[in-house]
Amino acid sequence: MSGAGPGLRSVEEQLGRILAAVRPLPVDVLPVTAALGRTLADPVIAAGDIPLFDNSAMDGFAVRFDDVADAAPDAPVTLRVVADLPAGTSLDPALGPGEAARIMTGSPVPGDADVIVPFEDTAGGLSAGLDDVVIERAPRETGLFVRRRGGDLRTGDEVMAPGVRLGAFQIAAAVAAGVGEVRVSRAPRVVVVSTGSELTAPGADGRRGSIPDSNGPLLAALLVGADAELVGLHRVGDDPAEVTRVTREAEAAGADVIVFTGGVSAGAYEPVRGAFSADGAGRGGIEFAAVAMQPGKPQAFGTLPSGTLVFGLPGNPVSVAVSFEVFVRPALLHLQGRADIARPAVRLRAAESWRTPPARRQYLPAVVDLAAGTVRPATAGGSGSHLAGGLAQARAFAIVPAEVTEVAEGDPLDVILVG
């Protein structure tokens with residue numbers, strides 16, 4: 001259910017318009033070890049088997065199963081040790097009947113051996129000499145503790161599909177499969193601009209009427225989580241000419257995306273609206289809309305002739321956080337060709353009751369208790385978009401449908417985890 005009220009655009013429609021305007025970014029070829037956070041443009045194909053050879057899963061002795069099948073504490077089997085195989089060796093010693101090779105984890109298994117007997121199942125263990133070994137317990141089956149070549153992946157297998165983000169696990173898998181380079185999407189280049197003559201630098205002495213600019217640092221940090229590159233961070237006053245100037249500078253710097261905060265409502269001092277409205281100081285092409293959500297009702301989006309995407313978000317910090325999560329983050333991931341652009345939602349029950357705005361979907365900064373399966377507001381002050389202090393406690397957004405006017409304790413809600 002879209003939940004859009006009269007004169008309001010649904011969240012789904014606004015996001016659909018944004019994603020329809022997104023065009024894939026160019027592709028880079030990078031060493032796989034330098035591609036952390038990038039999105040695959042092509043599949044990763046295994047260049048070698050995993051494992052590359054039969055190897056031991058235990059420290060012990062490589063033996064023939066038939067030689068030790070009847071070993072027991074009261075009837076041990078003694079074998080002659082003919083080789084010592086540390087990790088990294090390339091030796092493949094021959095093993096005749098009654099012979100064994102001492103072997104360490106990861107070492108190649110001799111071709112004549114078909115089972116590994118761990119040190120724990122011998123009389124002497126690791127301290128046993130290299131002349132003979134006494135086997136006290138028989139392995140339960142042939143092949144035990146032998147990692148077979150290609151048991152994980154074979155040469156030519158697909159390791160990962162296009163659209164996958166390369167995290168630590170994915171890079172390790174690619175390297176293990178013998179891959180040296182990958183084709184990945186370029187990171188989106190983003191410029192962030194906070195607007196408002198009342199804004200001051202972080203840490204500046206406060207004065208009556210001034211507000212610290214928390215939106216710039218907020219978005220700079222959120223961009224990291226979306227694998228984007230911050231190429232400019234600006235703060236301008238309530239002057240459309242300043243918005244036009246930083247826009248042109250961002251385009252000249254090759255920005256793929258510009259994100260403005262503030263200046264998009266219908267007030268008297270709205271520099272983003274003034275710069276991009278048809279009769280303003282800047283160029284048209286940026287659409288201003290009212291979206292059926294709380295917070296984040298006023299939104300702006302469009303594409304400049306250069307192809308740069310422009311987002312205009314509300315000025316209050318909670319609105320910025322929500323708007324980034326709902327609109328900007330999916331667009332940045334879509335630019336990169338990411339297969340999954342939406343966070344998965346979990347179903348939790350409200351730990352307390354609260355009222356919600358009529359006819360607008362609520363995205364409430366929330367605290368979750370996954371063990372108890374509950375969610376509650378991050379601040380006792382309500383859901384006001386100015387309550388930036390509550391963001392310090394928030395690890396999620398609770399999503400309340402537009403048709404719900406009050407959440408009761410115990411009600412089930414969809415919750416997206418963001419921190």
Side-chain angles (χ1 to χ4, degrees), residues 1-4 10-16 18-19 37 39 160-161 163-170 218-219 221-228 291-296 317-334 336 338-357 359-385 387-419:
M1 182 175 291
S2 67
S10 72
V11 171
E12 288 76 14
E13 183 181 356
Q14 179 72 2
L15 180 59
I18 291 169
L19 297 181
T39 301
M160 285 167 281
V164 169
R165 178 188 186 274
L166 289 172
F169 295 169
Q170 290 72 33
L218 169 64
L219 286 170
L222 290 173
L223 289 172
V224 173
D227 298 313
V291 180
M293 61 189 292
Q294 190 277 329
V318 179
S319 297
V320 171
V322 169
S323 299
F324 182 91
E325 179 64 31
V326 176
F327 299 124
V328 183
R329 181 180 182 274
L332 293 174
L333 299 186
H334 200 40
Q336 299 169 71
R338 192 72 57 83
D340 297 318
I341 64 173
R343 295 189 198 268
V346 296
R347 196 75 166 166
L348 302 176
R349 294 193 175 275
E352 58 187 73
S353 61
W354 68 86
R355 294 194 61 79
T356 65
R360 288 196 284 165
R361 182 184 301 166
Q362 184 183 45
Y363 292 85
L364 183 74
V367 175
V368 298
D369 184 336
L370 294 178
T374 59
V375 59
R376 62 174 176 81
T379 173
S383 59
S385 59
L387 299 173
L391 287 176
Q393 310 304 320
R395 297 294 183 271
F397 291 117
I399 306 173
V400 184
E403 62 271 18
V404 175
T405 58
E406 184 171 0
V407 174
E409 182 178 351
D411 282 352
L413 294 171
D414 285 334
V415 178
I416 50 176
L417 305 179
V418 298

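Keep in mind the model is a prediction, meaning the values are calculated, not measured. Throughout, residue positions are numbered sequentially from 1 according to the sequence presented.
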Inset, instruction - Using a 4.5 Å cut-off on heavy atoms from C-beta on, say whether the side chain of Gln362 contacts that of Ile399. - result: no
Inset, instruction - Nearest 0.5 Å please: distance from the OH atom of Tyr363 over to the CD atom of Glu325. - result: 9.5 Å
Inset, instruction - Check Ser323 against Gly296 and note the closest heavy-atom contact, atom names and distance. - result: OG-CA, 3.9 Å
Inset, instruction - Just do the side chain to side chain contact (heavy atoms under 4.5 Å, CB included) check on Asp414 and Arg347 with the steps written out, would you? - result: CA-CA 5 Å; Asp414 285 334; Arg347 196 75 166 166; 3.1 Å; yes
Inset, instruction - State plainly whether the residues Asp411 and Arg349 are in salt-bridge range, i.e. N to O under 4.0 Å. - result: no
Inset, instruction - Taking the side chain as every heavy atom from C-beta outward, state whether Glu406 and Arg355 have any pair of such atoms under 4.5 Å apart. - result: yes
Inset, instruction - Check whether any side-chain heavy atom of Leu15 sits under 4.5 Å from a side-chain heavy atom of Pro330, and report yes or no. - result: yes
Inset, instruction - Kindly indicate whether the side chain of Leu218, heavy atoms from C-beta on, has any atom under 4.5 Å from the side chain of Phe324. - result: no
Legend entry - Sub-4.5 Å side-chain heavy-atom contact between Gln393 and Arg376: no
Legend entry - Inter-residue atom distance Arg329.CZ - Arg338.CZ, 0.5 Å rounding: 7.5 Å
Inset, instruction - Measure the shortest side-chain to side-chain distance between Phe397 and Val326 over non-hydrogen atoms and say whether it is less than 4.5 angstrom. - result: no
Legend entry - Within-4.5 Å side-chain heavy-atom neighbours: Val407 and Leu413: yes
Legend entry - Heavy-atom side-chain contact between Val346 and Val375 under 4.5 Å: no
